[in-house]
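For the single chain, residues carry numbers from 1 onward in sequence order. As the structure is a prediction and not an experimental result, all values here were calculated from the model. Counting convention: from 1, in listed order, for ligands and their atoms alike.
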Amino acid sequence: MINAQTQLYGIIGNPVRHSLSPIIHNGAFRRMGLNAAYLAFEVENLAAAISGIRGLGIRGVSVTIPFKTAIIPFLDQLEEVAGKIQAVNTICHEGGKLIGHNTDWRGAVEALEEKIELREKKVLLLGAGGAARAIAFGLQERGCQVFIANRSLEKGRKLAATMGFACLPLAAIKGLDVQVIINATSVGMHPQDSESPWPKELLKEGIVVMDIVYQPVRTKFLHEAEERGCRTIDGLEMLARQGAAQIEIWTGKKPDIRSIKGDLQRALE
Ligand code: NAP
C-alpha cells in the first residue's frame, strides 16, 4: 500500500507513455515486498526535471530517449562504464548526490551469457545507434572480437574506431565465421514486422542469435534463426535484465528475472 513511507522511483523521457518500465519495476517491487512506487514522467524541460528529482528526494530514475547523453552534465558523479559509453540510463539518488549508471550493456551481456561464454568469441553486431553503442562496450568488457555492420557506414566506422573493433563492408561481413550475431538496429520492429536485418541463408546452425527488438517479441530474424537451428535470445531478455540491474543499484537486492519477463509478456499480449 502507498503510504507516507513510500519511496518514489520513475522514468524520464519523451515520449514515455508507451514505456514498459513501470510494468518491470512496480511488479518487481511488489514481489520483493518493497514499499516503493514507479511512475513515468514525460519531460519537456530536463533542468526542471532534475531539480524535481533533487527537491522531492526521488530515490531512483530510469532515463530514456532523448536524454541518455544530455543528462550527463546535470549529474554529480558518473559510474565508470557509463562514462565510457557516454550514456546514462539509470540515476541513483544517494546521500544528496545524483549518480549516473548504465545498465543497458549489462542487460545485453547477461542475456548472452545465459547461452554462451563470451570471452574471445567472434561477434557480429548489427547497428551503431544508442543501444549498439552500449552493447559494444559490454562485448569489449567481456573480451569479444567484434565486427560492426551499420546502414550508415560512417556511423559504423566511428563506433568501431572508438572501440578498436572492425567495421566491414557488407560483402566482407557475409563471409565471416562468427559465433554470435546481435541485431541492435530497429529493423523488424512493429510495424515493419516482415523485415529482417540479416539474410536467413547466412545463419549457421548452432550459433547464438540475439534480437534486441521486443515488439514483436518473436521477430522475423529470430523466427528464421530458429528455423536454421540457431540458439535464440529475444529482446525481452535484455529489457528485463537492464531493469533488474537498475533495481539492484537502487536497493542492493536482486529481483527475479523470470517473473519480470512474465510481466512483460503479459503486458505485450
Ligand atoms: P537508434 O539510436 O535510433 O539506432 C537505430 C539503429 O538502427 C541505427 O544503427 C540505424 O542505422 C539502424 N536502422 C534503423 N532503420 C534501419 C533500416 N531500415 N535499415 C537498416 N538499419 C536501420 O535506436 P536505439 O536506441 O539504438 O534502438 C534500436 C532498437 O533497439 C529499437 O528497436 C529499440 O526498441 C531496441 N532497444 C531494445 C532494448 C532492450 O532492452 N531490448 C534497449 C534499447 C533499445 P543508421 O545509423 O544507418 O541510421
Task: Arg133 bridged to Asp104 by N-O distance under 4.0 Å - done: no
Open item on the list: Residue by residue, ordered by chain and number, which ones reach under 4.0 Å of ligand 1 with a heavy atom?
Closed with: Ile65, Gly127, Ala128, Gly129, Gly130, Ala131, Asn150, Arg151, Ser152, Lys155, Ala184, Thr185, Ser186, Val187, Met189, Ile212, Val213, Tyr214, Gly235, Met238, Leu239
Open item on the list: For residues 236-248, which residue pairs pass the side-chain hydrogen bond (donor to acceptor under 3.5 Å, both in side chains) check, not counting sequence neighbours?
Closed with: His25-Gln246, Ser62-Gln246, Asn89-Gln242, Thr90-Gln246, Arg106-Glu248, Glu237-Arg241, Glu237-Arg258, Glu237-Lys261
Open item on the list: For Glu227, is the CD atom crowded, meaning more than 12 foreign heavy atoms sit under 6.0 Å from it?
Closed with: yes
Open item on the list: For the backbone of Val217 and the side chain of Asp234, can you confirm whether one donor and one acceptor N or O come within less than 3.5 Å of each other?
Closed with: no
- [ ] Could you tell me whether a side-chain N or O of His93 sits under 3.5 Å from a main-chain N or O of Ile58, the two making a donor and an acceptor?
- [x] yes
TODO: Using a strict 4.0 Å threshold on nitrogen-to-oxygen distance, state whether Arg157 and Glu154 make a salt bridge.
DONE: yes
